[in-house]
Amino acid sequence: DAILASGSGGYRLAIGEGALDAARFERAVQAATGSPGDVERVLLPALAEWRGGAYEEFAHLSWARHEALRLEELRLAAQERVFDAQLALGRHAEIVPALGALASAHPLREGLQIQLVTALYRSGRQAEALAVQRRATAALVDDLGLDPSPELAGLERRILHHDPTLAGPPGDPAPVRAHPFAARLPSPLQRRGPDPSFVGRSGELARLDAPRLPGDDHPRDRRPGRPT
């Protein structure tokens, strides 16, 4: 709880221990030790409390920008720890959507790229894993002029040779669930409703929807009163 108290020098905001969500998150990060299951149990609820970026309403202030960058780095590191724990628990297929979204948002963060390659490979998606590894390597070289770490560079050879040490533990037999901090992105294959901005083309749309017959150069116009 916070209390606004007045004094001779003005007002003072007294904030009780545990009142700030940033402080609670940092304590959770420090407390997340032990087995992969223990790390997941502590960090997932802490990460689920995030709503947007840190101090977004104070982004114009220099102190807030520095603190926001520190907290965002702490958040990313915690997310990587959760993914490491879930890979160790055999949950590779479950985490691919959330991990893929985060890795796409941070293409130069090697830890996320390595985790995504590993999760894809263990999910039987070797070609996609190889593509991610090569794309991440190219991004580091082209954008920063840096060679990838030995771990990221070595993944290509390990995938091509089906290195048994890359297989990891057996997959979790439980059904795939939505990840708690997965980015909610619309699927490109998801069917959309009519576009309200596309009007006045009912005839053209009817012709596009009409069936074709062998030898036809144009779809049949099925509007009432038209010969077929």
Side-chain angles (χ1 to χ4, degrees), residues 1-119 122 136 149 151 168-169 171-172 174-186:
D1 295 333
I3 300 175
L4 187 63
S6 61
S8 58
Y11 292 95
R12 180 174 62 90
L13 185 63
I15 301 175
E17 184 178 358
L20 294 178
D21 49 5
R24 291 197 303 271
F25 178 70
E26 290 193 65
R27 284 196 296 272
V29 170
Q30 294 171 359
T33 60
S35 68
D38 293 335
V39 171
E40 183 189 42
R41 276 191 294 274
V42 173
L43 287 183
L44 275 184
L47 286 165
E49 289 189 11
W50 278 75
R51 297 292 184 273
Y55 297 116
E56 286 181 329
E57 63 273 34
F58 303 112
H60 60 289
L61 301 175
S62 60
W63 70 264
R65 288 195 296 271
H66 295 314
E67 180 65 6
L69 287 173
R70 186 186 72 84
L71 288 172
E72 288 291 350
E73 175 58 32
L74 195 65
R75 178 189 190 183
L76 277 171
Q79 288 173 316
E80 287 179 329
R81 290 180 62 190
V82 170
F83 288 132
D84 274 337
Q86 293 174 325
L87 284 170
L89 293 169
R91 308 257 285 280
H92 33 266
E94 176 184 334
I95 68 175
V96 164
L99 180 51
L102 197 60
S104 295
H106 302 277
L108 301 179
R109 197 172 180 97
E110 284 192 71
L112 290 172
Q113 307 304 320
I114 291 169
Q115 290 174 326
L116 179 57
V117 171
T118 304
R122 293 179 182 178
S149 66
E151 186 177 3
D172 189 347
V176 174
R177 296 159 288 181
H179 202 276
F181 50 89
R184 299 296 191 265
L185 299 175

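Basis for what follows: all heavy atoms, side chains included, without hydrogens, waters or symmetry-related copies. Nothing here was measured: the structure is a model prediction, and the numbers come from that model.
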At their closest point, which heavy atom of [X] faces which heavy atom of [Y], and how far apart are they?
| X | Y | answer |
| --- | --- | --- |
| Leu116 | Ala103 | CD2-CB, 3.9 Å |
| Pro169 | Ala88 | CG-O, 3.4 Å |
| Val29 | Arg81 | O-NH1, 3.2 Å |
| Ala93 | Pro97 | O-CD, 4.0 Å |
| Phe25 | Arg75 | CZ-CA, 3.8 Å |
| Ala119 | Leu99 | CB-CD2, 4.1 Å |

Qualifying residues under salt bridge (Lys or Arg N to Asp or Glu O under 4.0 Å), relative to Glu151, sequence neighbours excluded
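If we apply the salt bridge (Lys or Arg N to Asp or Glu O under 4.0 Å) test to Glu151, skipping adjacent residues, there are no hits.
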
When you measure from the side chain of Gln86 to the backbone N and O of Glu40, does any donor-acceptor pair fall under 3.5 Å?
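No; judged by distance alone, with no hydrogens or angles, the pair does not exist.
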
Any sub-3.5 Å donor-acceptor pair from Gln113's side-chain atoms to Leu108's backbone N or O?
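Here the side-chain-to-backbone pair does not exist.
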
Separation of [Y] [atom2] from [X] [atom1] (nearest 0.5 Å):
| X | Y | atom1 | atom2 | result |
| --- | --- | --- | --- | --- |
| Glu73 | Leu69 | CD | CG | 9.5 Å |
| Leu74 | Gln79 | CG | CD | 10.5 Å |
| Ile114 | Asp84 | CD1 | CG | 9.5 Å |

Listed partners of His106 passing side chain to side chain contact (heavy atoms under 4.5 Å, CB included), at least two apart
Leu76, Leu102, Arg109, Leu112

Decide, yes or no, whether a salt bridge links Arg24 with Asp21 under the criterion of side-chain N to carboxylate O below 4.0 Å.
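Salt bridge absent between Arg24 and Asp21.
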
Do the charged groups of Arg70 and Glu26 touch, with an N to O distance under 4.0 Å?
yes

Just list the side-chain donor-acceptor pairs under 3.5 Å for residues 44-59, sequence neighbours left out, or say none.
from	atom 1	to	atom 2	distance (Å)
Arg51	NH1	Ala48	O	2.4
Glu56	OE2	Gly53	N	3.0

With a 4.5 Å cut-off on side-chain heavy atoms, are Leu87 and Arg122 touching?
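SC-SC contact between Arg122 and Leu87 confirmed.
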
Audit row: Thr33, Asp38, side chain to side chain contact (heavy atoms under 4.5 Å, CB included) steps and yes/no
CA-CA 7 Å; Thr33 60; Asp38 293 335; over 6 Å; no

